[in-house]
**Student:** 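Pasting in a structure now, in structure tokens, and then I'll have a few things to ask.
The structure displayed is predicted, hence computed values, not measured ones. Quick note on labels: first sequence line is chain A, next is B, and so on, each numbered from 1.
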There are 2 protein chains.
Amino acid sequence: MIRVLIADDHNVFVEGIESLITGAPDIKVTERCYTVQSVIERLGQAAVDVILLDISFPQVDDGLGLCEHITRSYPKTKVVALTMHDDASLIKRVVKKGAKGYLLKNTTKNELLQAIQTVYHEKQYFNDTIMHILLNEGPKTRKSTAGVGVKPNLTPRESEVLTLIAQGLTTQQMATQLFVSAKAVEFHRSSLLLKFGVPNTALLIKSAMEMHYID
Amino acid sequence: MIRVLIADDHNVFVEGIESLITGAPDIKVTERCYTVQSVIERLGQAAVDVILLDISFPQVDDGLGLCEHITRSYPKTKVVALTMHDDASLIKRVVKKGAKGYLLKNTTKNELLQAIQTVYHEKQYFNDTIMHILLNEGPKTRKSTAGVGVKPNLTPRESEVLTLIAQGLTTQQMATQLFVSAKAVEFHRSSLLLKFGVPNTALLIKSAMEMHYID
DNA sequence: TAAAAATTTAGGGAAAACCCTATATATGAA
DNA sequence: TTCATATATAGGGTTTTCCCTAAATTTTTA
């Protein structure tokens, strides 16, 4: 019997998934969690084989962090990411955090059950839709060279500057806030444009939002 | 018996909602639609009392358009919007399109059933969460004066310019494409900044994305 | 430790965005 | 038919962004 934990802050989803799973002979939903905190608590108390994890939980960063934590602390427990987001960039990030499977929320019952059984048997599960998305987004990012659709790796400083740009600050204001010269800020902004492959800050924000760097 | 149509392109959701509704004595899910097209088809063939409509179907604009179409063509059929988006701007837009209720996807079984019964009896249903969101967003937009969190009404030209900005075009490029002078484009860009209450195009894009003008 | 990556600063310059005032026409509503 | 709105255009000016080359310091990684 495969023990499944459902982690999603959307009530309807938890019910829906459980409803889809009900009837499968070898799978049982043993835990339902609506917050990151409760997931951590339950994992400390009850053994779980597979976690169906909504990445937006409630924010994408939370889900990614939780995914990383789970795969580190409980390597035997397999994480299947379950989201609405169908962008390659997010899929790659999720996989990097240790998820063994990735499903869109418009998945079918069969796919869901198959995914649970596949990851339970130490294999990865990515269906055709996911593979198609990944393949159509060009080569996987190795270093962080420019390229459309490739998720760049940002340095800490770049992340800071990106956040401040998203708050509407000018170069001068950022420089003041970060205690560096305007030229330093300009440099990081340029690096961001290069890494994201965009011509200006407007598209930088758009791209960063689509790739869930900011929100 | 209240006949309910579920319109959502996310399989799991349809199952989840149906599971939540099952057991209610006076409500029955009679139709399940995964595309806008199928909703229109089914409505032409079978009488439905309440539609649970996912606004992101698959894009926000599609859902809004469908909502408007339903309330126009089938005034007896009540629409309850059901989405993940918890921004006041979207709620207002949905209500303007004729929805009689608005639920977040983290709603509970009780709220869901209550919403269906409430709108069926010719009343509007908005729970505390929704009311709180609306109240915290300041006064409802009457004209389109500037203001944070208020959803501006855009003129056709402004929408065009906004779209082009979101594509990374410069003022000159937009002018060429729209067959007007650069000054005209500048004017519309300024109007957009004013209406959205933002200092630059970067935040304009962020704001427009959050308010689902672009995506 | 040596190499690579990240961070910082600098100068100069071109392009674009942003802000102001002003005018004029077309359209639709009161 | 006014009034308001949307649209288009103009001039002039300031600020900001964007691009280039260049170099020094610190941190991280191999």
**Student:** Looking at the side chain of A:Arg189, which of D:dT7, C:dA17, D:dC18 is the nearest nucleotide?
**Tutor:**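 That would be D:dC18.
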
**Student:** Once you round it to whole Å, what is the distance between C1' of D:dC18 and CD1 of A:Ile165?
**Tutor:** 12 Å

**Student:** Measure from the side-chain heavy atoms of B:Ser181 and tell me the nearest of D:dT9, D:dA8, C:dA17.
**Tutor:** D:dT9

**Student:** In whole angstrom, what separates B:Leu194's CG from D:dA6's C1'?
**Tutor:** 15 Å

**Student:** For A:Arg3, is there any backbone N or O sitting under 3.5 Å from a side-chain donor or acceptor partner on A:Asp49?
**Tutor:**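 Checked: pair present.
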
**Student:** Taking only N and O in the side chain of B:Thr155, is any of them less than 4.0 Å away from OP1 or OP2 of D:dT7?
**Tutor:** yes

**Student:** Take atom CD of B:Gln173 and atom P of C:dA16, then tell me their distance rounded to the nearest Å.
**Tutor:** 8 Å

**Student:** Please state whether the phosphate of C:dA6, meaning OP1 or OP2, lies under 4.0 angstrom from any side-chain nitrogen or oxygen of A:His188.
**Tutor:** no

**Student:** So does B:Glu122 pair up with B:Lys78, basic N to acidic O under 4.0 Å?
**Tutor:**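 B:Lys78 and B:Glu122: salt-bridged.
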
**Student:** Over how many whole Å does the gap from B:Asn200 atom CG to C:dA16 atom P extend?
**Tutor:** 17 Å

**Student:** So, is A:Thr171 near the phosphate of D:dT17, with a side-chain N or O under 4.0 Å from OP1 or OP2?
**Tutor:** yes

**Student:** Show, in sequence, the C-alpha distance, side-chain angles and deciding distance for A:Tyr102 and A:Thr83, and conclude whether the side-chain hydrogen bond (donor to acceptor under 3.5 Å, both in side chains) test is met.
**Tutor:** CA-CA 8 Å; A:Tyr102 193 106; A:Thr83 84; 3.2 Å; yes

**Student:** Rounded to the nearest angstrom, tell me the gap between atom CD1 in B:Ile205 and atom P in C:dA17.
**Tutor:**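 Checked: the CD1 to P distance equals 12 Å.
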
**Student:** Mind listing the N/O atom pairs, protein and nucleotides 19-23 of chain C, below 3.5 Å?
**Tutor:**
from   : atom 1 : to       : atom 2 : distance (Å)
C:dC19 : N4     : B:Glu186 : OE1    : 3.4

**Student:** In whole angstrom, what separates A:Leu178's CG from C:dT7's P?
**Tutor:** 11 Å

**Student:** Could you check B:Val80, B:Val79, B:Leu5 and say which one makes a side chain to side chain contact (heavy atoms under 4.5 Å, CB included) with B:Val50?
**Tutor:**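 With B:Val50 as partner, side chain to side chain contact (heavy atoms under 4.5 Å, CB included) holds for just one option, B:Val80.
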
**Student:** Whole-Å distance between C:dT7 C1' and A:Glu160 CD?
**Tutor:**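 To the nearest whole Å, that distance equals 11 Å.
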
**Student:** Does B:Thr118 use its side chain to pair, donor to acceptor, with the backbone of B:Gln114 at less than 3.5 Å?
**Tutor:**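 Indeed, once roles are kept as given, a pair shorter than 3.5 Å links the two residues.
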
**Student:** Using a cut-off of 4.0 Å on non-hydrogen atoms, how would the nucleic acid contact of A:Thr201 be classed: base, sugar-phosphate, or nothing?
**Tutor:** sugar-phosphate

**Student:** Would you say the side-chain atoms of A:Lys100 pair up with the backbone N or O of A:Gly98, donor to acceptor, closer than 3.5 Å?
**Tutor:**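 At least one qualifying donor-acceptor pair exists.
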
**Student:** CE of A:Met174 versus P of C:dT7: gap in Å, rounded?
**Tutor:**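 Distance check: A:Met174 CE to C:dT7 P gives 15 Å.
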
**Student:** Keeping A:Thr77 on the side-chain end and A:Val48 on the backbone end, is there a donor-acceptor pair under 3.5 Å?
**Tutor:** yes

